[in-house]
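Each remark here refers to the structure printed beneath this line.
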Amino acid sequence: MPSNDARNLLQTAVPTAAVGVIAVAVSAAVAGGKGALGAVVGTLLAILFMGIGLYVLQWTAKTVPQLFQAMGLMLYVAQLLLLLIFVAVFKDTTLFNAKTFAVSLVVATVVWMAAQARAHMKAKLFYIDPDSEKSGKSEKTGSSS
């Protein structure tokens with residue numbers, strides 16, 4: 001994984017995990033052990049889905065850039081469908097509190113997206129490859145001599 005990709009992942013996963021810890025503590029205080037477990041499951045699911053999505057989008061941007069926008073749309077639809085399937089399978093569970101699960105999932109997802117937007121805006125990415133300009137000038141000056 002290139003350093004910029006790892007930096008993006010770190011700058012998005014850490015704030016999300018920190019908010020997840022807060023959500024677990026609040027859920028434990030409000031709804032007990034099942035509430036805390038629901039918050040843990042919601043936070044982990046958000047980090048897992050969004051992390052896989054970030055990896056897939058970065059891979060697509062590097063290997064097949066012309067499909068980047070379509071892949072992004074397809075990926076978000078797939079994430080929603082997988083989440084819907086997860087919720088449908090566990091809708092009647094007594095393993096964890098569904099309300100704390102839902103709140104922590106939404107909060108973790110919003111924090112992930114905000115942190116990802118912040119990381120992208122702070123990234124120093126070249127719009128123009130400076131090496132290609134230098135090589136182009138040296139070829140022109142070398143051929144005119």
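A distance-only check finds a donor-acceptor pair linking the side chain of Thr100 to the backbone of Asn97 [under 3.5 Å].
For the pair Phe90/Val41, no side-chain contact is recorded, criterion being any heavy-atom separation below 4.5 Å from C-beta on. Considering only heavy atoms from C-beta on, Met50 comes within 4.5 Å of Gln79 through its side chain. Taking 4.5 Å as the limit, every side-chain heavy atom of Leu48 sits out of range of all side-chain heavy atoms of Leu44. At least one side-chain heavy atom of Leu45 sits less than 4.5 Å from a side-chain heavy atom of Phe49. Taking 4.5 Å as the limit, every side-chain heavy atom of Asn8 sits out of range of all side-chain heavy atoms of Gln116.
Remark: Ile52 CD1 to Ile47 CD1 distance equals 12.0 Å, nearest 0.5 Å. To the nearest 0.5 Å, atoms CD1 (Ile85) and CG (Leu80) are separated by 11.0 Å.
Listed by chain and number, the hydrophobic cluster partners of Trp59 come to none, as no ILVMFWY side chain reaches under 4.5 Å of it.
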Got a list of side-chain donor-acceptor pairs under 3.5 Å for residues 16-39, not counting sequence neighbours?
residue, atom, partner, partner atom, Å
Thr16, OG1, Thr12, O, 2.7
Ser27, OG, Ala23, O, 2.7
Lys34, NZ, Thr94, O, 2.8

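Gln66 CD: more than 12 foreign heavy atoms inside a 6.0 Å radius.
When all heavy atoms of Phe68 and Leu57 are compared, the pair lying nearest together is CE1-O, 3.5 Å.
Phe96 and Phe86 have parallel rings, their planes meeting at less than 30° on a 0 to 90° scale where 60° marks the start of perpendicular.
Every side chain to side chain contact (heavy atoms under 4.5 Å, CB included) that Met74 has, sequence neighbours left out, goes to Met71.
Cluster annotation: Leu95 is connected to Phe101 through the hydrophobic network of ILVMFWY side chains, with a link wherever side-chain heavy atoms come within less than 4.5 Å. Residue Leu9 is grouped with residue Met113 when hydrophobic side chains (ILVMFWY) are merged at heavy-atom distances under 4.5 angstrom, including chains of intermediate members. Val89 is connected to Leu82 through a chain of hydrophobic side-chain contacts under 4.5 Å among Ile, Leu, Val, Met, Phe, Trp and Tyr, so both are in one cluster.
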